[in-house]
Amino acid sequence: MATNGAGELNVAIIGAGPAGYYTAEALTATDRPVHVDIIDRLPTPFGLIRAGVAPDHQSIKNVSRRYEATNTRENVRFVGNLALGRDITLTELRGLYDAVVLATGAGKDRPLGIEGEDLNGVIGSAAFVGWYNAHPDYTDLNPDLRVASVAVIGNGNVAVDVARVLAKTAAEMANSDLASHAAGSIHGSPIRDIHIIGRRGPLEASFTPKELGELNQLENCVALVDGKQLPDPSGDADLSGAQKKNLAALRAMALNSADAKPVRLHLQFYLRPMAILGDRCVCGIRLEETRVEGGKCEGTGVTEVLPAGLVVPCIGYRTSPIPDVPYSARYGCFENEDGRIAPGLYCVGWAKRGPTGTIGTNKPDGAEVALKILNEVSTSRKEGRDGLDRIIRERDLHIVTFQNWKKIEAEEVASARNGAPRRKLTDVHEMVRIAES
Ligand code: NAP
């Protein structure tokens with residue numbers, strides 16, 4: 001990678017997820033001496049890999065080995081359990097480092113913006129996925145799954161993940177790292193009907209063929225589609241490869257019989273949520289039939305009520321704002337120009353471009369922002385990690401190093417049930433205690 005800067009550069013990356021690690025990897029792949037501190041508020045690295053990727057998608061999680069390799073470089077270090085805003089301010093970090101990169105992801109749910117959204121039993125995917133993935137923020141969510149019917153809103157991969165995790169049996173999840181608290185609740189649940197609701201049609205859906213196809217291979221749950229909602233095969237030649245594959249999967253599902261398995265997964269298109277119904281707890285959702293014109297959905301005025309004791313909107317995420325950092329409410333991420341927010345302040349990943357793309361999308365994204373930093377930021381006499389260490393000592397902060405995270409990981413692996421890769425710890429104090437032991 002060619003860069004026009006010279007001299008040593010101190011960079012702090014906030015957020016130890018894929019975007020943060022790919023940026024660190026690219027920053028430290030040049031001849032220029034760069035020191036990178038990857039700071040995370042949790043004692044655990046890897047962000048979305050640990051707490052976002054579905055617990056039964058272990059092969060996707062293997063990418064963390066690559067981030068681990070980055071962390072073995074002597075000029076890269078992980079500083080866990082250090083929270084921006086709680087332990088240190090952005091102004092302080094910008095005073096210590098030549099560049100600060102916000103790789104904070106998009107951890108908040110986008111609101112549906114309809115009546116009834118605040119009822120008990122309406123749980124956005126950020127919280128719901130965090131709960132079953134043992135994210136410390138959501139351990140106590142305790143969703144009531146003693147319900148017969150669930151509505152999952154959205155036609156993206158997150159909706160597919162949520163429906164699949166709810167539908168899989170304990171045996172199907174045996175090799176997963178599903179949180180223990182969630183396993184008990186999900187596998188003891190009387191759920192019989194799971195509805196995935198799309199406001200547009202099958203051709204506009206953003207789920208990917210592999211993920212969609214998994215829904216037709218569940219042990220206890222049959223995927224159902226109304227064939228009348230699927231386009232005629234005569235138009236298939238004009239479709240993209242992904243659309244063709246999705247349609248093939250949906251057409252196979254349309255042939256399934258509703259009584260083939262005890263649990264039914266209904267993929268329903270052309271329905272948009274109008275209101276969530278209930279008194280204190282959700283009991284259903286009012287939907288309006290739609291038609292798609294020029295790619296946009298329009299209401300037809302025809303409504304129906306779908307009974308549901310749990311509603312999980314999976315309609316996208318937002319980055320949490322940070323005081324004094326310009327924020328685009330429209331896109332739910334920081335305002336930036338190709339990753340630059342202000343001189344010396346950058347963003348990457350979902351915090352830069354909004355919640356789109358796969359884990360791999362963050363690699364070129366991280367490389368682009370790293371190159372920008374290497375080209376734009378000149379070396380100064382800022383203290384870098386020595387200054388951070390001073391603050392950590394002065395404030396008696398209990399940070400977790402990468403080496404100490406490995407103790408947490410070892411404990412999780414050692415206490416895993418048969419077949420599972422790990423039993424995730426959820427209590428930050430316990431994790432810090434293990435890290436310091
Ligand atoms: P997404 O792919 O953007 O899907 C969001 C869905 O919500 C869309 O179907 C969208 O419909 C719908 N929606 C938005 N606002 C709505 C509203 N007000 N009412 C009803 N529906 C609404 O996002 P995602 O599923 O959250 O996934 C985020 C990213 O992570 C994606 O890039 C995804 O591929 C990736 N991901 C990948 C995997 C994997 O590879 N296994 C797993 C999980 C996530 P419209 O299209 O009509 O707007």
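Throughout, residue positions are numbered sequentially from 1 according to the sequence presented. Note that ligands are numbered from 1 as they come in the structure, with each ligand's atoms numbered from 1 the same way. As a basis for the values below, the full set of heavy atoms in this structure was taken, side chains included, without hydrogen atoms, waters or symmetry mates. Computed from a predicted structure; not experimentally measured.
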Show me which atoms of ligand 1 lie under 4.0 Å from any heavy atom of D161. 42 (C), 43 (C)
Can an N or O of E204 be found at a distance shorter than 3.5 Å from an N or O of ligand 1? no
Numbered in order shown, the ligand 1 atoms found under 4.0 Å of a heavy atom of P355 are 28 (C), 29 (C)
Atoms in ligand 1 with a heavy atom of T356 nearer than 4.0 Å: 32 (O)
Do the ring planes of F46 and Y21 sit parallel (below 30°), tilted (30 to 60°) or perpendicular (above 60°)? tilted
Between the side chains of R65 and E68, is the shortest nitrogen-to-carboxylate-oxygen separation below 4.0 Å, so that they form an ion pair? no
Scanning both residues in full, the closest heavy-atom pair of A26 with A367 reads CB-CA, 3.7 Å
So how far is it from H187 NE2 to T169 OG1, rounded to the nearest 0.5 Å? 6.5 Å
Any protein heavy atom nearer than 4.0 Å to atom 21 (N) of ligand 1: yes
Taking only Lys NZ, Arg NE, NH1 and NH2, and the carboxylate oxygens of Asp or Glu, determine whether R423 and D177 approach each other closer than 4.0 Å. no
Please determine if E368 and K372 form a salt bridge, counting it only when a charged side-chain N lies under 4.0 Å from a carboxylate O. no
Polar-atom distance check: G357 versus ligand 1, any N or O pair below 3.5 Å? yes
Tell me the contacting part of K210 for ligand 1: side chain, backbone, both, or neither, using a 4.0 Å heavy-atom threshold, strictly below. neither
What are the atoms of ligand 1, with element, lying closer than 4.0 Å to any heavy atom of V158? 24 (P), 25 (O), 26 (O), 27 (O), 43 (C), 44 (C)
Taking N or O atoms only and a 3.5 Å limit, does R200 qualify as a polar contact for ligand 1? yes
When you measure from atom 8 (C) of ligand 1 to every protein heavy atom, which one gives the shortest distance, and what is it? N155 N, 3.9 Å
Could you check whether R286 and T303, counting side-chain N and O atoms only, form a donor-acceptor pair closer than 3.5 Å? no
One finds that the ligand 1 atoms under 4.0 Å from a non-hydrogen atom of I153 are 20 (C)
Using a plain distance cutoff, I'd like to know if E211 has any nitrogen or oxygen under 3.5 Å from a nitrogen or oxygen of ligand 1. yes
Under 4.0 Å between a side-chain nitrogen and a carboxylate oxygen: does that hold for R251 and D236? yes
Contacting atoms of ligand 1, where contact means under 4.0 angstrom from a heavy atom of W350: 29 (C), 30 (O)
Using a plain distance cutoff, I'd like to know if R199 has any nitrogen or oxygen under 3.5 Å from a nitrogen or oxygen of ligand 1. yes
Mind listing the closest non-hydrogen atom pair of V11 and L27 along with its distance? CG1-CD1, 3.8 Å
Quick one: does T208 get within less than 4.0 Å of ligand 1, heavy atoms only? no
In terms of ring plane angle, is the pair W131 and F128 parallel, tilted or perpendicular, where the classes change at 30° and 60°? tilted
Relative to atom 5 (C) of ligand 1, which among S125, C314, G154 owns the nearest non-hydrogen atom? C314
Donor-acceptor pair, side chain of D365 and main chain of G349, under 3.5 angstrom: yes
Atom 38 (C) of ligand 1 sits nearest the protein heavy atom N157 CB, 3.6 Å
With a cutoff of 4.0 Å, is R110 in contact with ligand 1, counting heavy atoms of the residue only? yes
Which of these, P111, S206, G316, has its nearest heavy atom closest to atom 2 (O) of ligand 1? S206
Is a salt bridge present between K168 and D56, judged by a nitrogen-to-oxygen distance below 4.0 Å? yes
Report the nearest protein non-hydrogen atom to atom 7 (O) of ligand 1: residue, atom name, distance rounded to 0.1 Å. I315 CA, 3.3 Å
